[in-house]
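See below for the structure under consideration.
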Amino acid sequence: MFALVDCNNFYASCERVFRPELRGKPIVVLSNNDGCVIARSNEAKKFGIPMGAAAYQYEKTFTDNNINVFSSNYALYGDMSARVMDLLATMAPEIEVYSIDEAFLKFEGCDFINLQDYGEMIVKVVTKSTGIPISVGIANTKALSKVANKVAKKFPDKTHSSYFIDTDEKRIKALKWLPVEDVWGIGGRHAKRLKALGIKTAYDFTQLPDHWVRKNMSVVGLRLKHELEGKPRLDMEIAKAKQNIATTRSFDKNYTEYDQLRERITTFSVTCAEKLRRQKSCCNALLIFLHTNGFRSDLPQYSRNIVMKLPFPTNSSIEIAKFAREGLSLIFKKGYQYKKAGVIVMDITPEDTNQISMFENTNPKHRLLMDVMDRLNSAIGQKKVKLASQALDRTWKMKQERLSPRYTTRLSEIITIHV
DNA sequence: TCTGGGGTCCTAGGGCGA
DNA sequence: TCTGTCGCCCTAGGACCC
């Protein structure tokens, strides 16, 4: 049996933990640069603010309805997530952390447990210990546990926020209730096509012939169909090293100069290299991209990317930044206003199994240097040690006008209680 | 004026060597 | 030497997730 544990309106709930007066009040959380709405509390959803809405188009809705608006605070969300996951890990034989706010639990050989009661217990313990409300869905496949979770979330009073699909009647009832576009694995494109064919619910989807699903939705769609029929096709996945690591940003304003882009690309490269060293990997290729603001139809548009194959695997900030700048010089075109750029490191291999090349190799001195840089930066707590090609006085900034304190990860921002 | 960031997997189609 | 076929590898693009 699988249980899917999902934190309710996670980012909004995190903001509430340290601001209890916000309970029952509408909250939205914005993306980086305060651009889009990326999380809404239930109260905020009632005002018709869609996911991904452009924040500036809803300013009036926010003020008219006293909606509490926050910039995203990943230090806080990451730490709260770790607390929830650590706790969940103590409550099941196996856990797969699926995202910042979701985890699958697997109960095998636990037939003696009443899983409905156990799910309710998990809800109580996590909510009480962390302040984060959660919902639990339980079923014999992962996709059905997702469905069960939707039921638990929609009917918290009836289900006590935990729902167990343990009979075929319950499975069919839940599938007939769930709109096809809300099924895990069916995105916008497929939902549109299915609806045009009169497929409205998850149940309708399971009534399609296998060969049609295979032909039109690939093996992924067919696997999903079987999962919804109660035939397990997905198992727990073990965490493995990432295959790609990306650092990409939109800019607060448009950049036109090569030097500005060069500085940004260098900094993104350094961040990627740090992430690589943290997971003890090297990369063998880089992708560098830049593009103008696609929303501004009045401006000339340009967008390009380039893949740089590296002559040797490396995780040195200096080397990765050097190759990235080389790539940038090949794709940069003057006369455009750039809004976004990024670096993605690819073809990742473990640090300790690198092949020595006959002609060109990573500079062995860099390893020691990087080690010192990482340790200095970690001791200082901010990224003070930089490459000279990065801006020494950060001239760029993310728009974060409504950022809450990092209550749990910075002593200077810890919660204060006035008595 | 102002529209996020970071991932995964699958398939089609072309290049290329056997 | 030319041509056809097969399978492998690579890439771009599409679809999905949070």
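These figures come from a predicted structure and were not determined experimentally. All values below come from the heavy atoms of this structure, side chains included, with hydrogens, waters and symmetry mates left out.
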Per the end-axis method with five pairs at each terminus, what is the bend angle of the helix from B/dG5-C/dC18 to B/dA18-C/dT5, to 10°?
10°

Should A/Cys110 and A/Pro93 count as side-chain neighbours, where that means a heavy-atom distance under 4.5 Å?
yes

Verify, without hydrogens or angle tests, whether A/Glu15 (side chain) and A/Ile27 (backbone) share a donor-acceptor contact under 3.5 angstrom.
no

Does the side chain of A/Asn8 come under 3.5 Å of the side chain of A/Ser135 through a donor N or O and an acceptor N or O?
yes

What's the shortest heavy-atom distance between A/Glu401 and A/Asp34, and which atoms?
N-OD2, 2.9 Å

Pi-cation contact, A/Phe155 with A/Lys158 (under 6.0 Å, within 45°):
yes

Give the first and the last nucleotide of DNA chain C, reading 5' to 3', that has any atom under 4.0 Å from a heavy atom of chain A.
C/dT11 to C/dC18

Please tell me if A/Lys339 has a side-chain N or O lying less than 4.0 Å from either OP1 or OP2 of B/dT3.
yes

Please report the distance, rounded to the nearest Å, between CG in A/Asp347 and P in B/dT8.
13 Å

Could you check whether A/Asp101 gets within reach of a base, just the sugar-phosphate, or nothing at all, counting any heavy atom under 4.0 Å?
sugar-phosphate

Rounded distance in Å - NZ (A/Lys240) to C1' (B/dT8):
9 Å

Taking salt bridge (Lys or Arg N to Asp or Glu O under 4.0 Å) as the definition, give me every residue that meets it alongside A/Lys334, ordered by chain and number, with sequence neighbours left out.
A/Glu257

Pull out every residue in residues 213-223 of chain A that has a heavy atom closer than 4.0 Å to any atom of DNA chain B, ordered by number, or say none.
A/Arg214, A/Ser218, A/Val219, A/Val220, A/Arg223

Where along residues 181-212 of chain A does a heavy atom fall under 4.0 Å from DNA chain B?
none

So, A/Glu227 side chain and A/Lys142 main chain: donor-acceptor pair closer than 3.5 Å or not?
yes

5'-most contact on DNA chain B (nearest-nucleotide basis), A/Ala53 vs A/Gln243, goes to A/Ala53

So do A/Glu94 and A/Leu105 actually touch side chain to side chain, heavy atoms under 4.5 Å?
no

If we ignore hydrogens and angles and just use 3.5 Å, is the side chain of A/Asn68 paired with the main-chain N or O of A/Leu22 as donor and acceptor?
no

Does A/Lys45, at its NZ atom, have more than 12 non-hydrogen atoms belonging to other residues, nucleotides or ligands within less than 6.0 Å?
yes

Just so I know, are the side chains of A/Ile49 and A/Phe62 near enough to count as touching, which here means a heavy-atom distance under 4.5 Å?
yes

Indicate yes or no for a side-chain donor-acceptor contact from A/Asp101 to the backbone of A/Asn9 under 3.5 Å, with no hydrogens or angles considered.
no

What's A/Glu59 touching, base or sugar-phosphate or nothing? Going by heavy atoms closer than 4.0 Å.
nothing

Please assess A/Lys200 against A/Asp204 for the test salt bridge (Lys or Arg N to Asp or Glu O under 4.0 Å), listing each intermediate value before the final yes or no.
CA-CA 6 Å; A/Lys200 293 195 187 76; A/Asp204 297 341; over 6 Å; no

Can you see whether A/Tyr163 has A/Lys170 sitting over its ring - NZ or CZ less than 6.0 Å from the centre and within 45° of the normal?
yes

Could you tell me the separation between the CG atom of A/Asp298 and the P atom of B/dT3, rounded to a whole number of Å?
13 Å

Spacing of A/Phe289 atom CZ relative to B/dG7 atom P, expressed in whole Å
12 Å

Working for salt bridge (Lys or Arg N to Asp or Glu O under 4.0 Å), residues A/Arg16 and A/Glu43:
CA-CA 13 Å; A/Arg16 244 177 214 157; A/Glu43 298 78 11; 3.0 Å; yes

Atom pair distance, as rounded to whole Å: CE in A/Met346 and P in B/dT8
12 Å

Roughly how far apart, to the nearest Å, are B/dC2 and C/dC18 at atom C1'?
25 Å

Within the sub-3.5 Å range, which N or O atoms of nucleotides 4-6 of chain B have a protein N or O partner, and how far apart are they?
{"residue": "B/dG4", "atom": "O4'", "partner": "A/Ser31", "partner atom": "OG", "Å": "2.8"}
{"residue": "B/dG5", "atom": "OP1", "partner": "A/Ser250", "partner atom": "N", "Å": "2.7"}
{"residue": "B/dG5", "atom": "OP2", "partner": "A/Ser250", "partner atom": "N", "Å": "3.3"}
{"residue": "B/dG5", "atom": "OP2", "partner": "A/Ser250", "partner atom": "OG", "Å": "2.9"}
{"residue": "B/dG5", "atom": "OP2", "partner": "A/Lys340", "partner atom": "NZ", "Å": "3.3"}
{"residue": "B/dG5", "atom": "O3'", "partner": "A/Arg249", "partner atom": "NH1", "Å": "3.2"}
{"residue": "B/dG6", "atom": "OP1", "partner": "A/Arg249", "partner atom": "NH1", "Å": "2.9"}
{"residue": "B/dG6", "atom": "OP2", "partner": "A/Thr248", "partner atom": "N", "Å": "2.5"}
{"residue": "B/dG6", "atom": "OP2", "partner": "A/Thr248", "partner atom": "O", "Å": "3.0"}
{"residue": "B/dG6", "atom": "OP2", "partner": "A/Thr248", "partner atom": "OG1", "Å": "2.6"}

Counting only N and O atoms by type, is there a donor-acceptor contact under 3.5 Å from the side chain of A/Asn73 to the main-chain atoms of A/Leu76?
yes

